[in-house]
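For the numbers below, each heavy atom of this structure counts, side chains included, while hydrogens, waters and symmetry mates do not.
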Amino acid sequence: MAFTDETWRLVHGEDLVGEIRIDDADFPWLHGEFTPGPGWPGFAPRFAECRELAEAEEWDAWGRIHLTLEQELTLHAPEGPMAEFLLHIEPPRAWFRFSEEPFEDD
């Protein structure tokens, strides 16, 4: 799997939220430089809140916020959109894992 040097796009509808240029692939996690797009300001506070909740290990609250992000945003690989993803953004870095098929519920 050659992910490095790919650019993935995070979108809300037709609006670009940001791009992630992959520079490290430790599959299943991909890491890269995050470049904010015009839609980033509307989502930045929720990504920051997710980081704070994860650091505080408040997983129920984290899950609720992350679910809203996943429902509102689409992560596009160069080949097309992913069905599901787990994305962390702490500018200027982003890291994520993804699935072309929906994740299985435990």
Side-chain angles (χ1 to χ4, degrees):
M1 295 181 186
F3 293 105
T4 54
D5 295 325
E6 290 183 349
T7 298
W8 290 49
R9 296 170 40 95
L10 185 64
V11 298
H12 177 246
E14 297 296 318
D15 297 329
L16 178 65
V17 175
E19 293 183 330
I20 305 165
R21 179 81 171 163
I22 308 301
D23 57 25
D24 183 24
D26 186 15
F27 201 77
W29 290 96
L30 302 180
H31 303 255
E33 289 291 322
F34 177 73
T35 303
W40 174 244
F43 292 94
R46 283 194 275 168
F47 277 99
E49 187 173 4
C50 277
R51 280 193 313 274
E52 292 168 7
L53 291 168
E55 289 171 5
E57 297 184 10
E58 295 183 27
W59 302 117
D60 289 339
W62 176 90
R64 286 189 298 274
I65 293 171
H66 189 271
L67 180 61
T68 66
L69 287 169
E70 190 174 359
Q71 290 170 339
E72 293 180 37
L73 300 171
T74 305
L75 183 63
H76 289 260
E79 297 81 27
M82 295 296 106
E84 293 204 40
F85 58 91
L86 176 57
L87 172 63
H88 304 279
I89 300 176
E90 191 170 333
R93 301 291 299 165
W95 59 102
F96 64 95
R97 58 190 301 168
F98 67 92
S99 177
E100 295 175 12
E101 302 293 326
F103 291 147
E104 293 181 20
D105 292 331
D106 291 336

Q | Inter-residue atom distance Glu101.CD - Glu84.CD, 0.5 Å rounding | A | 10.0 Å

**Q.** Listed partners of Trp59 passing side-chain contact (heavy atoms from CB on, under 4.5 Å), at least two apart
**A.** Ala54, Glu57, Trp62

Q: Apply side-chain contact (heavy atoms from CB on, under 4.5 Å) to His66 and Leu53, showing your working.
A: CA-CA 10 Å; His66 189 271; Leu53 291 168; over 6 Å; no

Q: Establish whether Leu67 and Phe47 are linked, either directly or via other cluster members, by ILVMFWY side-chain heavy-atom contacts under 4.5 Å.
A: no

Q) With side chains defined as the heavy atoms from C-beta onward, is the minimum distance between Asp24 and Trp95 less than 4.5 Å? A) no

Q | Contact summary for Gly37 and Pro41, nearest pair of heavy atoms | A | O-CD, 4.0 Å

**Q.** Nearest heavy-atom neighbours spanning Trp29 and His31
**A.** CB-NE2, 3.8 Å

Q) What distance separates Phe85 CZ from His76 NE2, expressed to the nearest 0.5 Å? A) 9.5 Å

Q) What distance do Leu73 atom CG and Ile89 atom CD1 have between them, rounded to the nearest 0.5 Å? A) 8.0 Å

Indicate every side-chain donor-acceptor pair of residues 11-21 with a distance under 3.5 Å to a residue at least two apart or in another chain.
unit_1	atom_1	unit_2	atom_2	d
Glu19	OE2	Arg9	NH1	3.4
Arg21	NH1	Asp5	O	2.4
Arg21	NH1	Thr7	OG1	3.0
Arg21	NH2	Asp5	O	3.1

Q: Report yes if the side chains of Leu87 and Leu69 come closer than 4.5 Å at any heavy-atom pair, otherwise no.
A: no

Q | Asp23: partners by salt bridge (Lys or Arg N to Asp or Glu O under 4.0 Å), with sequence neighbours left out | A | Arg93

Q) Measuring from Arg97:CZ to Met82:CE, what's the distance to the nearest 0.5 Å? A) 14.0 Å

Q) What pairs of residues pass the side chain to side chain donor-acceptor pair (under 3.5 Å) test when at least one of them lies in residues 39-55, not counting sequence neighbours? A) Arg46-Thr68, Arg46-Glu72

Q: Identify, with sequence neighbours excluded, every residue that meets side-chain contact (heavy atoms from CB on, under 4.5 Å) alongside Pro78.
A: Glu6, Trp8

Q.
How long is the straight-line distance from CG of Leu75 back to CG of Leu10, given to the nearest 0.5 Å?
A. 6.0 Å

